There are 2 protein chains.
Amino acid sequence: MVLGRDSAPEGNRVNKGAGKAATIRDVARVSGVSVGTVSRSLNAPDTVRPGTLGKVRAAIQSLGFQPDFRAQNMRRRNTMTVGFVIDDIANPWHASCFKAVDAEMRQRGFSLYLMSTNGKASEEAAAIDMLQHGRADGVIMTINNEQDARTIKRLKELRIPSVLLDRDIPLEIDAVLTEHATGLRQATSYLIGLGHRRIAIITAGRDIRPGRERVRGFVEAFEKAGLPVPEDLIRSQSLSVDFGFREATALLQAPDRPTAIIAAGNRILVGVLRAIQQQGVSVPGDISLIACDRSDIALLYPGPITLIDRPVEDIGRTAAQLLLERLSGQSERPAQRIAFPTHLIMGGSCLPVPK
Amino acid sequence: MVLGRDSAPEGNRVNKGAGKAATIRDVARVSGVSVGTVSRSLNAPDTVRPGTLGKVRAAIQSLGFQPDFRAQNMRRRNTMTVGFVIDDIANPWHASCFKAVDAEMRQRGFSLYLMSTNGKASEEAAAIDMLQHGRADGVIMTINNEQDARTIKRLKELRIPSVLLDRDIPLEIDAVLTEHATGLRQATSYLIGLGHRRIAIITAGRDIRPGRERVRGFVEAFEKAGLPVPEDLIRSQSLSVDFGFREATALLQAPDRPTAIIAAGNRILVGVLRAIQQQGVSVPGDISLIACDRSDIALLYPGPITLIDRPVEDIGRTAAQLLLERLSGQSERPAQRIAFPTHLIMGGSCLPVPK
DNA sequence: GGCTAGATTGGAAACGTTTCGATTTCTGGC
DNA sequence: GCCAGAAATCGAAACGTTTCCAATCTAGCC
């Protein structure tokens with residue numbers, strides 16, 4: 001490879017406009033046909049005679065013509081773009097979900113706008129506003145608060161199809177959900193089976209579906225076992241690292257410390273582990289731990305952590321498909337809600353309670 | 001909040017087209033001025049008389065008019081969109097970088113396409129192709145192989161401004177770099193100072209700048225100390241988890257096991273830790289470890305790992321600014337290369353070599 | 001009140017495509 | 001070789017903005 005030499009001739013020109021690009025008109029002129037025929041050669045080649053097609057293609061080739069995307073958007077009234085709105089792309093679950101959505105969308109010619117809202121309702125509203133009026137054809141999103149009036153209003157007035165991820169809103173919007181309640185019931189029952197009674201759960205607030213459902217599953221497990229629900233150990237407020245850290249610290253320092261913690265949330269787990277480390281507690285020796293969602297840390301933390309998994313690729317792919325269905329135009333079906341099951345992956349972070 | 005009731009009336013209509021949106025023509029008609037004046041009211045309000053402006057604004061308000069983004073793109077010949085091309089958004093460093101770029105760009109009205117190429121040259125080429133011809137105004141990217149002919153060719157012919165992240169290519173392209181060599185020299189010297197001689201480095205191949213530079217810094221540290229370079233412990237090939245795992249496993253099983261490993265790469269660290277865990281080795285008791293870049297795992301792995309940090313926010317912001325400069329049009333300056341320093345953050349993963 | 005320069009406004013021409021009705025060119029059967 | 005019908009092509013009208021030139025208005029000055 002003689003890169004150095006090869007690139008020298010044009011080496012010191014910074015890429016920029018680089019002369020006018022050929023238009024469909026140029027192609028028409030060069031190939032001696034009308035503009036309409038060139039367009040049809042591109043979009044419906046079977047309606048143009050082979051001879052003509054050849055001439056057009058030759059002209060396209062020689063001019064290096066590529067249709068201008070903006071003009072196509074303008075005329076076709078779409079953008080082949082979809083917004084993916086979440087609170088934080090640094091959350092590995094969101095990153096995986098994005099990849100699944102992207103894979104599905106890209107192969108159909110769509111590009112994805114990624115908008116990370118930092119969990120702020122104002123940024124959320126701004127993101128939704130931005131996608132309207134011809135910036136995107138559809139949206140896939142996880143909003144931060146199912147009750148925020150501003151966001152609800154935006155969604156109600158949204159002019160493009162949308163799919164909610166793991167959120168539940170009293171509007172007719174497609175949604176892809178997770179059966180968090182089942183997962184938590186199962187995990188909690190497992191701990192109860194190991195003899196745990198003082199089990200804590202740290203998770204999102206009840207203002208979003210994952211918070212509500214997880215707490216519900218947690219409570220149901222105790223009820224099913226005929227045991228009193230440890231209300232004082234339910235910490236349901238936020239999915240943030242900080243919340244996880246704060247609550248875990250408090251729980252670990254309490255006189256009647258729990259024997260197990262369910263860190264029900266990706267980021268929460270990080271906070272919980274930080275607290276565990278800071279308090280010098282050992283897992284599973286001093287306390288049992290269950291996490292939610294795969295992540296580097298959950299799979300690796302000195303020994304894999306027992307966790308409630310969910311099929312993130314399926315979830316992403318399904319969200320993409322629901323949206324594509326609507327974007328393809330023909331489907332006027334009522335809104336659909338699809339839920340995916342979780343399953344418990346056994347790690348080494350849980351032990352039976354010593355007698 | 002009476003959500004249930006409020007949303008009932010429109011509740012069972014799935015969002016969709018929802019009637020024609022008002023155009024600038026409608027606004028002109030309603031406010032009794034010409035189309036041109038409406039446009040100027042929006043884009044240069046100080047050139048229209050206050051009275052007129054009032055009428056126009058009233059009409060806009062009453063019609064709920066918002067300019068059609070596609071038409072603006074068409075006419076203005078831009079898209080207010082920038083591509084962010086990387087190999088894997090699940091890499092937390094990339095996620096942080098994206099957020100920094102996004103913050104800077106969003107406040108100037110740009111949206112970001114995120115394209116995750118999975119490190120495949122074909123997807124990389126496809127991504128770059130896709131961004132051309134009016135789909136984006138510029139690109140920020142980390143390509144996967146600085147020697148791949150296909151990618152180089154794409155870059156050379158790219159018609160929109162671009163910024164490279166941490167890559168070095170013999171073309172006139174803006175780039176934001178990291179002084180990996182300095183970081184590695186420092187880290188290696190630190191280990192040498194602790195008495196280590198059998199120090200291994202696992203990092204990217206020499207086909208990309210981080211690989212080359214890191215190995216260079218590593219070698220220089222030995223030379224500066226007047227010590228022989230442990231060539232057999234330099235494993236420079238890929239940034240992947242798998243490579244980290246494979247090489248770490250081999251190193252740990254070797255008869256003359258190193259006393260320290262530098263896991264020079266975000267993902268590599270995950271692989272290395274997996275190997276360490278599987279081999280039942282303890283850090284820092286059995287082996288010292290240094291990582292690159294902050295991540296949940298580096299900060300948390302039973303005790304924070306000593307690591308070579310770099311200012312990811314500054315890097316992202318700078319990349320965005322370089323691009324914005326070019327996009328603003330007036331700057332015809334030669335390509336710029338800006339390098340950021342690293343610094344060593346002391347964790348607890350290194351110990352002196354016992355005599 | 002008339003004049004001029006400057007400030008506002010109107011109207012139309014782009015921007016590059018797709019699409020649709022009208023027109024031309026094939027094709028095959030006689 | 002002609003004709004009808006089908007197939008292919010042409011040409012022009014959109015799509016919704018911005019922008020430029022020309023036309024009109026306003027204010028200030030004498």
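Just so we're on the same page: letters track the sequence lines, and every chain starts at 1. All values derive from a computational prediction rather than experimental measurement.
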In a table with atom names and distances, give each donor-acceptor pair under 3.5 Å that connects a side chain of residues 34-41 of chain A to protein atoms at least two apart or in another chain.
| residue | atom | partner | partner atom | Å |
| --- | --- | --- | --- | --- |
| A:Ser34 | OG | A:Gly36 | N | 3.4 |
| A:Ser34 | OG | A:Thr37 | N | 3.4 |
| A:Ser34 | OG | A:Thr37 | OG1 | 3.3 |
| A:Ser39 | OG | A:Asn43 | ND2 | 3.4 |
| A:Arg40 | NE | A:Thr47 | OG1 | 3.4 |
| A:Ser41 | OG | A:Thr37 | O | 2.8 |

Report task. Answer yes when B:Glu313 and B:Lys99 have at least one side-chain N-carboxylate O distance shorter than 4.0 Å, and no when they do not. Result ->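 So B:Glu313 does not pair with B:Lys99 through a salt bridge.
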Between [N] and [X], is there an OP1 or OP2 to side-chain N/O distance shorter than 4.0 Å?
X	N	result
B:Asn43	D:dT18	yes
A:Arg77	D:dG16	yes
A:Thr37	D:dA8	no

Query raised in the report: What is the nucleic acid contact for B:Thr23, judged by heavy atoms within less than 4.0 Å: base, sugar-phosphate only, or nothing?
Result: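 The residue B:Thr23 makes sugar-phosphate contact but no base contact.
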Query raised in the report: If you look at every strand shown and take non-hydrogen atoms under 4.0 Å, does B:Phe69 touch a base, only sugar-phosphate, or nothing?
Result: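 Nothing: the residue B:Phe69, judged by heavy atoms under 4.0 Å, touches no strand.
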Query raised in the report: Between atom CG in A:Leu42 and atom P in C:dT19, what is the gap in whole Å?
Result: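 Spelled out: CG on A:Leu42 to P on C:dT19 is 12 Å.
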Query raised in the report: When the nearest nucleotide of DNA chain D is assigned to A:Arg25 and to A:Val33 on a heavy-atom basis, which residue is associated with the more 5' position?
Result: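 Looking at the nearest nucleotide for each, A:Val33 comes out on the 5' side.
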Requested in this report: Kindly indicate whether the side chain of A:Arg75 and the base of C:dT17 share any N or O donor-acceptor pair separated by less than 3.5 Å?
Outcome: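 Not at all, since no donor on one side and acceptor on the other fall under 3.5 Å apart.
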Query raised in the report: Got a sec: does the CD of B:Gln61 have more than 12 other heavy atoms crowding it under 6.0 Å?
Result: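 Not more than 12 within 6.0 Å, no.
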**Report entry** salt bridge (Lys or Arg N to Asp or Glu O under 4.0 Å) assessment of A:Arg326 paired with A:Asp174
**Finding:** CA-CA 10 Å; A:Arg326 295 235 183 251; A:Asp174 289 333; 2.9 Å; yes
